[in-house]
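To start, the structure under review is shown below, and the notes come after it.
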Amino acid sequence: MASSSLCFISFLCFLLCHGALKLQASHHVYRAQASRLLLHRYEQPYRTSYHFQPPKNWINGPMIYKGIYHLFYQYNPKGAVWGNIVWAHSTSTDLINWKPHDYAIYPSQPSDINGCWSGSATILPGDKPAILYTGINPKNQQVQNLAVPKNLSDPYLREWVKSPKNPLMAPTPQNQINSSSFRDPTTAWLGPDSEWRVIIGSKIDARGLAIMFQSKDFVKWDQVDHPLHYADGTGMWECPDFFPVAKNGRAGVDTSVSGRHVKHVLKVSLDDTKHDHYTVGTYDLKKDIYVPDKGSIEGYTGLRYDYGKYYASKTFFDSQKKRRVLWGWVNESSSVDDDIKKGWSGVQAIPRAVWLDASGKQLIQWPIVEIQKLRKDKVKLTNKVLKKGSIIAVKGVTAAQADVDVSFKVKSFNKAQPLKAEWKDPQLVCSQMGAAAKGGVGPFGLLVLASNNLEEYTSVFFRIFKRQDKYVVLMCSDQSRSSLNANNDKTTYGAFLDVDPVRENISLRSLIDHSIVESFGSKGKACITARVYPRLAIGDKAGLYAFNNGTESVTITKLSAWSMKKAQIS
């Protein structure tokens, strides 16, 4: 992301590059590729309609400058698998509809000749964007480089130039930095001494750490004698992100803001598991370190942005709308052979607004409001009782391309199953007790991308367990029956929700877009993203249902569903 306390404009730029190909891009070639795909849209049943994707091949990879959002992303112009990566570039005025530009950056200097990898952007005084990114030098060492726009008067930032002083940060025998584990610089922030700071992901053995550098001019960087933070047993920290969140309210704050009215969040992408974990804590300005709050668990069992397929995310402060926006990459669940056949791989999740929960213990995530512009043909259900074994069809929506928001009320918990002490891993519990496994209170929820006879469906549902004198809500996204194609990864995902089902309804919102299902439980307290590739439940043959497979009845207090228009992604 990009941001500074001295600027009114800030932006994010992440997952910028991993390439080894020196290319000149053509806007016209890009558009021609898109046109060919439109001609064969019927052959692309899994291609999304309102999630960002380039016309073809492998993507991974955004900012706001002069009122225009920029998305820089990893793109392989030669195939649907990783490799030959360049920085592709698209712009938008609403984060939903996108227009492509020529490729932005590719390897061209000794400091990045073997690859341009991930990075972030910062707005310097005078509204000057600057990108720090990881390059791979001739020795295959990971080093940090700087690029700036060639023409600041161009709001589309179509040309970038690299600093002749690159690399600005590099491993040396003196700093003892692991040259193969030194990547992904964050958005920089200004400290109380008016000097810039940036962190870079690294590891020493199994210790993950955020190496910190400091600079007065954004060109000469000195390593700080201690990391911002570290944690043993977590392995390599990829794509770290460090930002403040207001203690009260939903408004976002600039990356350089600090003080008693904010908490700080440190997110790391754990290379071993390909999940994004975060903690909430305090930035100690005197010691220049980050301290997680007591009870904020680090590592594999800690909080995640998303408990499904979601990785290498970054946030940015949208100064125009005073919000912090989260972007994440969603990879495929299909085989490499299938990716090559369909001609593309990877998609961006819908951007999410993020803020601190009232408890102060976790973040809330919710799809940006702009996505609602695509809604049409609303269907509504109210006060529908789902008895044991009930299934209700939600008709009148394009079930393969929809936005569904539903609220459930549970009145009786007499049949709630006891939560066993060993059931600590929600994903494991969801895997063992899928939607087809009958229970006491639940499973109840949605069957999405479902075939006519339910040979295929993806289920997003809840179960409620009893633990001593409290009830525990489990949210699951079950892909086990999502496709008749046995080659797909059909992992089931799960998360425990911090919600009291006795005092409040249990809500679920799912964004369904052909091969991706993004689900938000309890108004964004837990998120699960899935990639699915049904063979039967495609296009107008996909169905949407609400169901209850538990003994206790459940009431749908309100269900709203919309068909979604196709976003303009040229």
Close side-chain approach of P292 to H229, heavy-atom, < 4.5 Å: yes

Has K558 got a side-chain atom pairing as donor or acceptor with K380's backbone, closer than 3.5 angstrom? no

Could you go through the salt bridge (Lys or Arg N to Asp or Glu O under 4.0 Å) check for D405 and R509 one step at a time? CA-CA 4 Å; D405 198 350; R509 183 179 179 187; 5.0 Å; no

Would the number of heavy atoms belonging to other residues, nucleotides or ligands and lying under 6.0 Å from NZ of K409 be above 12? yes

Given the rule in the side chain to side chain contact (heavy atoms under 4.5 Å, CB included) test, do Y493 and Y310 qualify, once you have shown the distances and angles that lead to the verdict? CA-CA 12 Å; Y493 307 111; Y310 195 89; over 6 Å; no

Let me see the working for F465 and W423 under ring pair (Phe, Tyr, Trp, His ring centres under 6.0 Å), right down to the final yes or no. CA-CA 11 Å; F465 298 94; W423 290 353; 5.6 Å; yes

Just by distance, do the side chain of Y50 and the backbone of I512 share a donor-acceptor pair under 3.5 Å? yes

Is any NZ, NE, NH1 or NH2 atom of the basic residue among R535 and E456 found under 4.0 Å from an Asp or Glu carboxylate oxygen of the other? no

Answer yes or no: is there a side-chain heavy-atom contact under 4.5 Å between Q372 and W562? no

Within the structure provided, determine whether W327 and T315 are in side-chain contact (heavy-atom separation under 4.5 Å). no

Look only at the side chain of T557 and the backbone of N383, and say whether a donor-acceptor pair between them is shorter than 3.5 Å. no

Measuring only between side-chain heavy atoms, which start at C-beta, is Y283 closer than 4.5 Å to V262? no

Close aromatic pair by centroid cut-off 6.0 Å: Y230 and W237: no

Taking the ring of F547 and the ring of F444, is the distance between their centroids below 6.0 Å? no

Would you call K415 and E552 a salt bridge, using N to O less than 4.0 angstrom? no

Worked check of side chain to side chain contact (heavy atoms under 4.5 Å, CB included) between F462 and L497: CA-CA 10 Å; F462 304 99; L497 284 175; 3.6 Å; yes

Any Lys/Arg nitrogen of D293 or K263 sitting under 4.0 Å from an Asp/Glu carboxylate oxygen of the other? yes

Throw together a table of side-chain donor-acceptor distances under 3.5 angstrom for residues 483-492, partners on residues two or more places apart or in other chains.
residue : atom : partner : partner atom : Å
S483    : OG   : N485    : N            : 3.0
S483    : OG   : N488    : ND2          : 3.4
S483    : OG   : Y533    : O            : 2.7
N485    : OD1  : N487    : N            : 2.9
N485    : ND2  : D338    : OD2          : 3.3
D489    : OD1  : T491    : N            : 3.1
D489    : OD1  : T491    : OG1          : 2.5
K490    : NZ   : S483    : O            : 2.7
K490    : NZ   : N485    : O            : 3.4
T492    : OG1  : D478    : OD1          : 3.0

Are more than 12 heavy atoms from other residues, nucleotides or ligands located less than 6.0 Å from atom NZ of K387? no

Has the side chain of T458 got a donor or acceptor atom that lies under 3.5 Å from a matching backbone atom of L449? no

Given S563, which of V379, T398, L374 fulfils the side chain to side chain contact (heavy atoms under 4.5 Å, CB included) condition? T398

Side chains of R352 and V325: closer than 4.5 Å at any heavy-atom pair? no

May I ask you to check whether Y290 and F242 place their ring centers less than 6.0 Å from one another? yes

Say whether, by atom type as modelled, one donor and one acceptor occur between the side chain of S407 and the main chain of N505 under 3.5 angstrom. no

What's the verdict on side chain to side chain contact (heavy atoms under 4.5 Å, CB included) for L536 and K541, showing C-alpha distance, side-chain angles and the deciding distance? CA-CA 7 Å; L536 303 176; K541 292 182 173 61; over 6 Å; no

Under the salt bridge (charged side-chain N to carboxylate O under 4.0 Å, His left out) definition, can you give me all pairs with a residue in residues 360-379, not counting sequence neighbours? D94-K373, K321-E370, R323-E370, R375-D403

Please confirm whether the backbone N or O of A567 pairs with a side-chain atom of N97, one donor and one acceptor, at under 3.5 Å? no

Examine R463 relative to F413 and say whether NZ or CZ is less than 6.0 Å from the centre of the six-membered ring and inside a 45° cone about the ring axis. no

Looking at D513 and Q401, would you say the former's side chain and the latter's main chain have a donor-acceptor pair under 3.5 Å? no

With heavy-atom distances below 4.5 Å as the criterion, would you say the side chains of Y278 and D241 are in contact? no

In this structure, is the centre-to-centre distance between the rings of F243 and F317 below 6.0 Å? no

Considering only heavy atoms from C-beta outward, does the side chain of V472 approach that of K470 to under 4.5 Å? no

May I ask you to check whether over 12 heavy atoms, not counting those of E422, lie within 6.0 Å of atom CD? yes

Can the ring centres of W329 and Y311 be said to be less than 6.0 Å apart? no

Would you check, one step at a time, whether the test side chain to side chain contact (heavy atoms under 4.5 Å, CB included) holds for H51 with Q348? CA-CA 6 Å; H51 285 73; Q348 293 297 137; over 6 Å; no

Does the side chain of L303 reach to within under 4.5 Å of the side chain of T279, using non-hydrogen atoms? no

